Trainee: 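The structure follows.
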There are 2 protein chains.
Amino acid sequence: MGKIKNRIRRLRFDNDEMTQEELANRAGCTRQTIIALEQGKYVPSIELAFKIAKAFGVALEEVFQYEGE
Amino acid sequence: MGKIKNRIRRLRFDNDEMTQEELANRAGCTRQTIIALEQGKYVPSIELAFKIAKAFGVALEEVFQYEGE
DNA sequence: ACACTATGTATAGTAAACAATACATAATAA
DNA sequence: TTATTATGTATTGTTTACTATACATAGTGT
């Protein structure tokens, strides 16, 4: 099965070391969700994925990549 | 709140009138899921979204669009 | 020593994606 | 008529994304 990778942690630090809480606020989710996503504990809904990309001002595929089988 | 729109129905017909079942097979989901997505009954996981885009040979954002608030 | 900030852990509950199955129906074809 | 194909509906059950809350801890500054 394919996997979903994300570059959230990297993008946070590239964006002036944005904190998890700040990102959560911008994306409209909780800090716990950001933590879990960075740790690969689960994969976001497509809606949250779009919001996170928007929070960084980049396209969804610059944050999330699909590794096909 | 934002909404997620999809162009699955359009893309199916643009792709030689690909059937819902054929798309489901290519995307690795059930026909019911495709039906529900086309009817806007729910929004796909990001993983399924990537698979559907791949089934059409296009980028995720050509199938799914986020309408921010 | 005390406060504050950023990150992490643990747990319980809710909502929704998705599968699986069965059945209905209109269109087309033999 | 009978069979097949494509779409749709209805229902049940499982998994998991996500929230909410509380607590732990290392770092930094006063």
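Atoms considered below: every heavy atom in the structure, side chains included; atoms not considered: hydrogens, waters and symmetry mates. As the structure is a computational prediction, the values presented were derived from the model and not from experiment.
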Trainee: Is it true that A/K3 and A/E67 make a salt bridge, defined as a side-chain N closer than 4.0 Å to a carboxylate O?
Mentor: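 Salt bridge: no.
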Trainee: Is any side-chain N of the basic residue among A/E22 and A/R12 closer than 4.0 Å to the acidic one's carboxylate O?
Mentor: no
Trainee: Nearest to the side chain of B/C29, which nucleotide is it out of C/dA19, C/dT9, D/dC18?
Mentor: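 The listed nucleotide nearest to B/C29's side chain is C/dA19.
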Trainee: Any base atoms under 4.0 Å from B/Q39, or only sugar-phosphate, or nothing? Heavy atoms, all strands.
Mentor: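 Here B/Q39 touches the backbone only, sparing every base.
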Trainee: Taking all non-hydrogen atoms of both residues, which atom of B/I34 and which atom of B/Q20 are closest, and how far apart?
Mentor: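 Scanning both residues completely, I find the closest heavy atoms to be CG1-O, 4.0 Å.
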Trainee: Could you state the NZ-P distance from A/K41 to C/dT11, rounded to the nearest angstrom?
Mentor: 11 Å
Trainee: Report yes if a side-chain nitrogen or oxygen of B/R31 is closer than 4.0 Å to either non-bridging phosphate oxygen (OP1 or OP2) of D/dT9; otherwise report no.
Mentor: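 It does not, given that no N or O in the side chain of B/R31 lies less than 4.0 Å from OP1 or OP2 of D/dT9.
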Trainee: Under 4.0 Å from OP1 or OP2 of C/dA19: is there any side-chain N or O of B/T33 that close?
Mentor: yes
Trainee: From OH of B/Y42 over to P of D/dT15, roughly how many Å is that when rounded to an integer?
Mentor: 17 Å
Trainee: Send over the distance from B/I35 CD1 to C/dA24 P, rounded to a whole Å.
Mentor: 16 Å
Trainee: For A/R26 and A/I52, indicate whether the former's side chain and the latter's backbone hold a donor-acceptor pair under 3.5 Å.
Mentor: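 The answer is no, because no donor-acceptor pair under 3.5 Å joins these two groups.
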Trainee: Are A/Y66 and B/E47 close enough that some pair of their side-chain heavy atoms sits under 4.5 Å apart?
Mentor: yes
Trainee: The side chain of B/S45 lies closest to which of these nucleotides: C/dA17, C/dT9, D/dT9?
Mentor: C/dA17
Trainee: If each of B/P44 and A/E38 is mapped to the nucleotide of DNA chain C with the nearest heavy atom, which maps nearer the 5' terminus, i.e. the 5' end?
Mentor: A/E38
Trainee: Does anything in residues 12-27 of chain A reach DNA chain D, meaning a heavy atom under 4.0 Å, and if so which residues?
Mentor: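 Those residues: none at all.
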Trainee: Between B/L48 (CG) and D/dA17 (P), how many Å, whole number?
Mentor: 14 Å
Trainee: What is the distance, rounded to the nearest whole Å, between atom CD1 of A/I46 and atom P of C/dA17?
Mentor: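 My rounded result for the distance is 12 Å.
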Trainee: In plain terms, say whether B/E21 and B/R31 are close enough for a salt bridge, that is, a side-chain N and a carboxylate O under 4.0 Å apart.
Mentor: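 A salt bridge is absent here (no side-chain N lies under 4.0 Å from a carboxylate O).
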Trainee: Which atom pair, heavy atoms only, marks the closest approach of A/F56 to A/I8?
Mentor: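 Closest heavy-atom pair between A/F56 and A/I8: CZ-O, 4.0 Å.
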Trainee: Could you check how far CD1 of B/I8 sits from C1' of D/dA6, rounded to whole Å?
Mentor: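 For the pair B/I8 CD1 and D/dA6 C1', the rounded distance is 17 Å.
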Trainee: Is any side-chain nitrogen or oxygen of B/T30 closer than 4.0 Å to OP1 or OP2 of C/dC18?
Mentor: no
Trainee: Just how far, in rounded Å, is P of D/dG8 from CD1 of B/I34?
Mentor: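 Checked: the CD1 to P distance equals 12 Å.
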Trainee: Which nucleotide wins on minimum distance to the side chain of B/Q32, given the candidates C/dG8, D/dT19, D/dA10?
Mentor: D/dA10
Trainee: What is the distance, rounded to the nearest whole Å, between atom CZ of B/F50 and atom P of C/dA17?
Mentor: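 Computing the B/F50:CZ to C/dA17:P distance gives 18 Å.
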